[in-house]
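Structure record follows, encoded as structure tokens.
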Amino acid sequence: MRRYAPFIIVGLVAALAVGGGAIFYRKKLAANPTLRITKETSDSKETGHVLGPADAPVTLEEYGDFQCPPCGKLSEPINQLQKQHNLRVIFREFPLAMHAHAREAACAAEAAGLQGRFWQMHDLLFKEQQAWSNAPDVRGLFIAYAGMLQLDVEQFKRDIDSPAVVQTVQADQQRGAGLGVQTTPTIFLNNQAVPPDQLMADKFPGFVETAVKNAKPSS
Amino acid sequence: MAKDRTENSASTRSRGEIIFYIAAAIVALIGLTEATYLTVIFLSGETAVCGQSPDCFKVLGSSYAKIGWFPVSGLGMLAYFAVFTFAIFAAFGYAHARRFFSWTVLAMFAVTLWLLFVQAFRLHAFCRYCLFSAALIFLLTGLVVARPSSTQKTSQ
């Protein structure tokens with residue numbers, strides 16, 4: 001028996017490392033699905049990124065700025081509400097001039113979107129907002145985020161400054177300006193602007209839940 | 001391996017030598033756990049691991065964090081597993097395992113020096129996980145250098 005002991009110990013550790021790693025990997029994938037991205041398809045001329053079904057009773061449309069702190073505070077509650085009520089969430093870029101890195105962040109998110117990872121970059125930019133907002137080399141950090149998200153980094157570097165990405169951001173901003181958007185976050189629930197006093201992280205979920213209760217399912 | 005072991009029977013191994021290899025195996029096991037964690041994180045695209053640490057993102061999101069599509073932490077997993085395996089076999093008296101153990105640790109030490117150089121002079125950022133792994137490898141290297149003298153005699 002002693003003769004086989006090292007083989008047994010090594011075999012057990014190998015099985016534990018592979019098995020434990022596989023279970024952990026599956027848990028991580030379940031918690032962080034990578035395929036929750038859809039590009040707007042119902043109207044090919046429309047820009048914006050969409051989560052949730054087209055026939056959802058409530059559509060939440062956000063004009064956001066990745067460097068705006070209230071937008072960052074609302075990001076996770078909106079994710080939770082989308083999952084709980086199967087909302088249709090649309091995000092449109094509205095980088096404010098007062099935020100030094102907001103436009104670059106918007107371009108980073110759109111460049112990630114070209115590789116199918118807009119929402120992952122969106123979540124990451126909001127989670128890490130405080131870190132990159134004060135970083136001396138913000139571009140280097142966005143490239144590092146792209147690397148962490150398993151994007152093709154060289155492609156991302158080309159896309160972030162590409163005319164297509166810049167135009168997408170500008171188109172979102174012009175669309176918002178046309179609707180009277182002046183500040184961020186500006187959120188529309190079924191095309192009705194949410195009052196600014198309801199855009200606090202503690203009040204907003206209740207406001208959305210009321211809207212969901214009152215909404216009639218579209219047919 | 002069986003013949004290798006009979007040439008170095010348990011009676012020739014000192015208690016200190018056995019403790020030494022068991023300690024090395026435990027250190028390797030800690031490294032294996034960390035490397036497995038980082039590999040899974042890499043493969044799943046999870047980013048919370050670096051929460052609020054730009055330096056961590058710069059290192060783990062850099063081109064140096066992978067070779068082609070394969071994560072460097074995956075190589076670390078294989079290396080720590082090899083060290084663990086050789087340490088266990090060495091503790092049970094396999095002479096070749098002792099040599100492989102030393103060579104593997106020294107190779108990992110060389111790679112660690114390169115990775116520290118990359119972090120310090122190319123990325124200008126250090127990642128806490130990489131530093132922890134480097135500390136484990138320095139510890140393993142220290143163990144190899146400070147191996148009990150009886151071990152050195154029996155391994156020759």
Side-chain angles (χ1 to χ4, degrees), chain A residues 2-35 112 117 120-121 123-125 127-138 140-154 156-157, chain B residues 1-2 5-6 10 21-22 25 28-29 31-33 35-66 69 71 73-74 77-78 80-82 84-94 97 123-125 127:
Chain A
R2 191 175 163 80
R3 184 177 170 181
Y4 298 111
F7 293 95
I8 293 168
I9 295 168
V10 168
L12 276 176
V13 166
L16 214 63
V18 174
I23 291 168
F24 185 45
Y25 177 69
R26 290 186 66 161
K27 267 190 172 178
K28 283 283 167 200
L29 274 194
N32 184 26
T34 53
L35 295 175
R117 297 280 171 101
Q120 284 87 343
M121 185 61 96
D123 291 352
L124 185 54
L125 287 170
K127 272 183 198 158
E128 296 294 318
Q129 187 188 68
Q130 213 175 348
W132 61 259
S133 291
N134 303 314
D137 174 23
V138 74
L141 208 44
F142 292 158
I143 290 168
Y145 293 164
M148 281 291 278
L149 291 172
Q150 312 297 318
L151 301 182
D152 177 338
V153 172
E154 292 308 313
F156 176 83
K157 284 182 193 170
Chain B
M1 276 286 198
R5 183 169 182 256
T6 53
Y21 283 113
I22 288 173
L29 208 55
L32 176 64
T33 308
T36 304
Y37 172 74
L38 284 181
T39 304
V40 170
I41 292 294
F42 179 92
L43 294 175
S44 64
E46 169 72 58
T47 53
V49 65
C50 281
Q52 300 300 318
S53 170
D55 279 6
C56 177
F57 277 108
K58 278 183 190 168
V59 177
L60 295 185
S62 76
S63 58
Y64 294 100
K66 53 190 173 185
W69 57 270
S73 56
M77 239 179 108
L78 295 175
Y80 278 118
F81 181 70
F84 174 80
T85 302
F86 296 141
I88 290 293
F89 276 92
F92 279 85
Y94 289 83
L123 299 173
H124 305 288
C127 121

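Here is how names work: the chains are called A, B, and so on, in the same order as the sequence lines, proteins then strands, and each is numbered from 1.
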*asked:* Tell me if the aromatic rings of A:Phe7 and B:Phe89 count as close, with their centers under 6.0 Å from one another.
replied: yes

Name the region of [X], side chain, backbone, both or neither, that has any atom closer than 4.5 Å to a heavy atom of chain A.
| X | answer |
| --- | --- |
| B:Phe57 | both |
| B:Ser53 | backbone |
| B:Leu32 | side chain |

As an exercise: rank [options] by heavy-atom pairs under 4.5 Å with chain B and give me the winner.
| options | answer |
| --- | --- |
| A:Leu124, A:Val18, A:Leu16, A:Leu149 | A:Leu124 |
| A:Ala22, A:Ala135, A:Gly140, A:Gly147 | A:Gly147 |
| A:Leu151, A:Ile9, A:Ile143 | A:Ile9 |
| A:Asp137, A:Val13, A:Val153 | A:Val13 |

*Gamma sulfurs of B:Cys50 and B:Cys127 within less than 2.5 Å*: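 Answer is no, sulfur atoms not closer than 2.5 Å.
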
_Heavy-atom pair with the smallest gap, counting every atom of B:Phe42 and B:Trp69_ = CE2-O, 4.0 Å

*Is A:Trp132 reaching over with its side chain to a backbone N or O of A:Leu125, donor-acceptor style, under 3.5 angstrom?*
yes

*For B:Glu46 and B:Leu38, indicate whether the former's side chain and the latter's backbone hold a donor-acceptor pair under 3.5 Å.*
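No, the answer is negative, given that no donor and acceptor are paired below the 3.5 Å cut-off.
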
*With only heavy atoms counted, which part of A:Ala146 is less than 4.5 Å from chain B, the side chain, the backbone, both or neither?*
neither

*Go through the atoms of A:Ala17 and report whether side chain, backbone, both or neither lie under 4.5 Å from a heavy atom of chain B.*
both

*If you tally heavy-atom pairs under 4.5 Å against chain A, which of B:Pro54, B:Ser63, B:Ala25 wins?*
B:Pro54

*With respect to chain A, which residue among B:Thr39, B:Thr85, B:Leu123, B:Thr36 yields the maximal number of heavy-atom pairs within a distance under 4.5 Å?*
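Winner by heavy-atom pair count: B:Thr85.
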
*Count the heavy atoms of every other residue, nucleotide or ligand shown that sit under 6.0 Å from CD of A:Gln130, and state whether that count exceeds 12.*
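No - once you tally the heavy atoms of other residues, nucleotides and ligands closer than 6.0 Å, there are 12 at most.
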
*Mind checking the OG-CG spacing from A:Ser133 to A:Leu141? Nearest 0.5 Å is all I need.*
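Reported to 0.5 Å precision, the distance equals 10.0 Å.
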
*I would like to know whether B:Val49 and B:Tyr37 meet side-chain contact (heavy atoms from CB on, under 4.5 Å); could you show each step before the answer?*
CA-CA 10 Å; B:Val49 65; B:Tyr37 172 74; 3.8 Å; yes

